[in-house]
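Before any comments, here is the structure.
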Amino acid sequence: ADVKKSRILLLGLLTGSPTALGAWMGAYLGSLSRTVTGMCLGFAGGAMLYLTIKGLIPEAVRLRSTLCTAVSLAAGIAAGAALPAFGGVI
C-alpha cells in the first residue's frame, strides 16, 4: 500500500520489543534461583491457561458447535498428555 518502509520497520520493532524485554527479564529472573524460576514458570502457565479459558475456547464455541469444540479440546488434551510417551517433553 502507501506505507513507508521506515514506518513498517519502526512498527515491527515496537511490536517485537516486548518479546525481547520479556526474554531478557526471564533470563535474569531465571538466573536468580530455582525458586524464582519455578514461580515464573507457574505464572506463565497460569497466564496461558487464563487466555485459553477466557479467550480461545469461547471463540471456538462461537465459530463452531459446542460438540465440535469439546471433541477438539479433548483430542488436544489427549495429544498433549501422550506426547511424553513418544519422546516429547512438556
Side-chain angles (χ1 to χ4, degrees):
D2 236 2
V3 182
K4 293 182 180 179
K5 290 181 182 180
S6 59
R7 180 163 173 82
I8 293 170
L9 179 63
L10 175 65
L11 291 175
L13 289 172
L14 286 174
T15 57
S17 60
T19 301
L21 179 63
W24 179 82
M25 286 175 52
Y28 172 73
L29 292 172
S31 70
L32 294 178
S33 73
R34 292 178 64 87
T35 301
V36 174
T37 300
M39 290 170 54
C40 290
L41 291 174
F43 179 82
M48 286 185 262
L49 187 60
Y50 173 80
L51 290 173
T52 299
I53 291 170
K54 290 295 281 183
L56 296 178
I57 294 173
E59 182 67 13
V61 170
R62 189 184 69 75
L63 292 173
R64 193 71 177 158
S65 72
T66 304
L67 177 62
C68 181
T69 300
V71 169
S72 298
L73 181 61
I77 291 170
L83 190 63
F86 297 101
V89 178
I90 291 183

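Sequence positions, counted from 1, serve as the residue numbers for this chain.
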Run the side-chain contact (heavy atoms from CB on, under 4.5 Å) check on Thr37 and Leu29 step by step: do they pass? CA-CA 7 Å; Thr37 300; Leu29 292 172; over 6 Å; no

If I compare all heavy atoms of Pro58 with all of Thr52, which pair ends up nearest, and what's the gap?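 Closest approach of Pro58 to Thr52: CD-O, 4.2 Å.
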
Is there a side-chain contact between Glu59 and Leu63 in this structure, where contact means two heavy atoms from C-beta onward sitting under 4.5 Å apart? yes

For the residue pair Leu73 and Ile57, establish whether any side-chain heavy-atom pair is separated by less than 4.5 Å.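 When only atoms from C-beta onward are counted, Ile57 and Leu73 do touch, with a gap below 4.5 Å.
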
Met39 side, atom CE; Leu32 side, atom CG - distance, nearest 0.5 Å: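 Met39 atom CE to Leu32 atom CG measures 10.5 Å (nearest 0.5 Å).
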
In this structure, which one of Leu9, Leu11, Leu10 forms a side-chain contact (heavy atoms from CB on, under 4.5 Å) with Arg7? Leu11

Say whether Met25 and Phe43 are linked into one hydrophobic cluster, either directly or through other cluster members, by side-chain heavy-atom distances under 4.5 angstrom. no

Could you check whether any side-chain N or O of Thr66 sits under 3.5 Å from a backbone N or O of Val61, counting only pairs where one atom can act as donor and the other as acceptor? no

